[in-house]
Amino acid sequence: MTATLYIIATPIGNLEDMTHRAVRILGEVDLIAAEDTRHSLKLLNHFGISKPLTSYFDHNQQLKGERILNALRQGKSVALISDAGTPCISDPGYQLVRDAVAENISVVPIPGACAAITALSASGLPTDSFTFAGFPPSRQGKRRTFLSGMSSLPGTLILYEAPHRLLETLHDIREVLGERQVIVARELTKMYEECIRGSVSEVVAAVSQGIVRGEVVILIAPGTAVQMEREPLEQVLHRLMADGMLSMKDIAKQASEIACVSRSEAYSEALKLRNGAD
Ligand code: SAM
């Protein structure tokens, strides 16, 4: 094998989803870089793969990225895997791929499971156009701004979310995007896999009945013309500030109502815009 960085997808819960090609390449490379070596060791042992293993995760990616690039520069082949699914998709890897590409090192994707695409394929929502937006911010104000920035996007929206934040995110989806159809795809490919479908309120009611455990993907149907008309905060602020007649306090008040964010968030965004414009 010559210097190649393989980006290898691994199962998102069901080991039967490991591909033959992934097993073969993992058994052939000189080095495997894994998000969590202890976690990946279980997968590698299951498939009888024994290769030098190194960690590559969010907080060591600069140092480790350089070491991995060095191995590649020396002509070695390296496989990158994450804890589950496709590396680089809400997982570490993007910087390494970017740097390898910049050095003309060959990068080869080995496809397989990805929770977003798995959920979309069975959602029954439009698949011709969709936006994958990863994890929403954990704080409500930022989450609402994030959602409001997507209110007029065409196609299906796909989000990842932690189970303990699911309910609050669904509430914000209803507030900011309106009463759309949503699907919560939970524990895909695993024993307790389920898809909870309905309007946001129906899904909130279903989810509120118990504690949501496991991993979830949220899919949101495209809005109606009226729902998609809600303006993003920045645009609203630009419009109100261009008017030149309103105080910052009034701008924040009006913008918070139009863009459906807190008044304090609208105020601090307005300050940032004003200071940036100075
Ligand atoms: N790289 C992965 C991929 O390709 O899907 C995603 C990694 S991200 C850190 C983990 C998130 O993916 C979870 O919080 C959840 O939103 C989603 N996810 C992963 N596995 C899942 C599963 N089996 N069922 C539902 N969602 C899953």
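Predicted model only: the values in this text are computed from it and were never measured. Indexing begins at 1, ligand by ligand and atom by atom, following the structure's order. Only heavy atoms go into these numbers, but all of them, side chains included; no hydrogens, no water, no symmetry mates. The first residue in the sequence is number 1, and the count goes up from there.
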Original post:
Does even one non-hydrogen atom of Ala185 get within less than 4.0 Å of ligand 1?
Top reply: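 Contact check Ala185 vs ligand 1: positive.
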Original post:
Out of curiosity, is Ala84 lining ligand 1, as in a heavy atom under 4.0 Å away?
Top reply: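 The answer is yes: ligand 1 sits under 4.0 Å from a heavy atom of Ala84.
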Check whether more than 12 heavy atoms from other residues, nucleotides or ligands sit under 6.0 Å from atom [atom1] of [X], and answer yes or no.
| X | atom1 | value |
| --- | --- | --- |
| Lys249 | NZ | no |
| Glu193 | CD | yes |
| Lys142 | NZ | no |
| Lys253 | NZ | no |

Original post:
For Cys88 and Val97, what are the C-alpha separation, side-chain angles and deciding distance, and is it a side-chain contact (heavy atoms from CB on, under 4.5 Å)?
Top reply: CA-CA 9 Å; Cys88 309; Val97 173; 4.0 Å; yes
Subject >> Side-chain ion pair, Glu103 and Arg73, N-O less than 4.0 Å >> reply: yes
Original post:
Going by heavy atoms in the side chains, are Glu28 and Ser77 under 4.5 Å from each other?
Top reply: no
Looking only at protein heavy atoms, which one is nearest to [atom], and what is the separation?
| atom | value |
| --- | --- |
| atom 4 (O) of ligand 1 | Thr86 N, 2.8 Å |
| atom 22 (C) of ligand 1 | Leu188 N, 3.6 Å |
| atom 13 (C) of ligand 1 | Glu215 OE2, 3.5 Å |
| atom 9 (C) of ligand 1 | Ser90 O, 3.1 Å |
| atom 7 (C) of ligand 1 | Asp91 OD2, 3.4 Å |
| atom 14 (O) of ligand 1 | Phe135 CZ, 3.3 Å |

Original post:
Can the positive tip of Arg263 be found less than 6.0 Å from the middle of the six-membered ring of Tyr267, inside 45° of the ring normal?
Top reply: no
Are any of the N/O atoms in [X] less than 3.5 Å from those in ligand 1?
| X | result |
| --- | --- |
| Ile12 | yes |
| Tyr160 | yes |
| Cys114 | no |
| Thr189 | no |
| Gly85 | no |

Original post:
Considering only heavy atoms of Glu161, which atoms of ligand 1 have at least one such atom less than 4.0 Å away?
Top reply: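 Contacts of ligand 1 toward Glu161, numbered from 1: 14 (O), 16 (O).
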**OP:** Show which atoms of ligand 1 fall inside a sub-4.0 Å distance from at least one heavy-atom site of Ile89.
**Re:** 1 (N), 2 (C), 6 (C), 7 (C)
Original post:
For atom 16 (O) of ligand 1, which of Ile218, Val216, Leu159, Val217 has the closest heavy atom?
Top reply: Val216
Subject >> Closest to atom 27 (C) of ligand 1 (judged by heavy-atom distance), picking from Gly134, Ala119, Ala115 >> reply: Ala115
Subject >> Nearest atoms (heavy-atom pairs only) where Leu15 meets Phe47 >> reply: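 Result for this residue pair: O-CZ, 3.7 Å.
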Original post:
Which is it for Pro87 and ligand 1 at heavy atoms under 4.0 Å: side chain, backbone, both or neither?
Top reply: neither
Original post:
Using heavy atoms and a threshold below 4.0 Å, how should the contact between Lys190 and ligand 1 be classified: side chain, backbone, both, or neither?
Top reply: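 It is the side chain that gets close, since no backbone atom is under 4.0 Å.
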Subject >> Inter-residue atom distance Glu161.CD - Leu167.CG, 0.5 Å rounding >> reply: 11.0 Å
Subject >> Approximate separation, where rounding is to 0.5 Å, of Lys272 NZ and Leu237 CG >> reply: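 If I round to the nearest 0.5 Å, the distance is 10.5 Å.
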Subject >> No-hydrogen, no-angle side-chain donor-acceptor test under 3.5 Å, Ser55 and Asn60 >> reply: yes
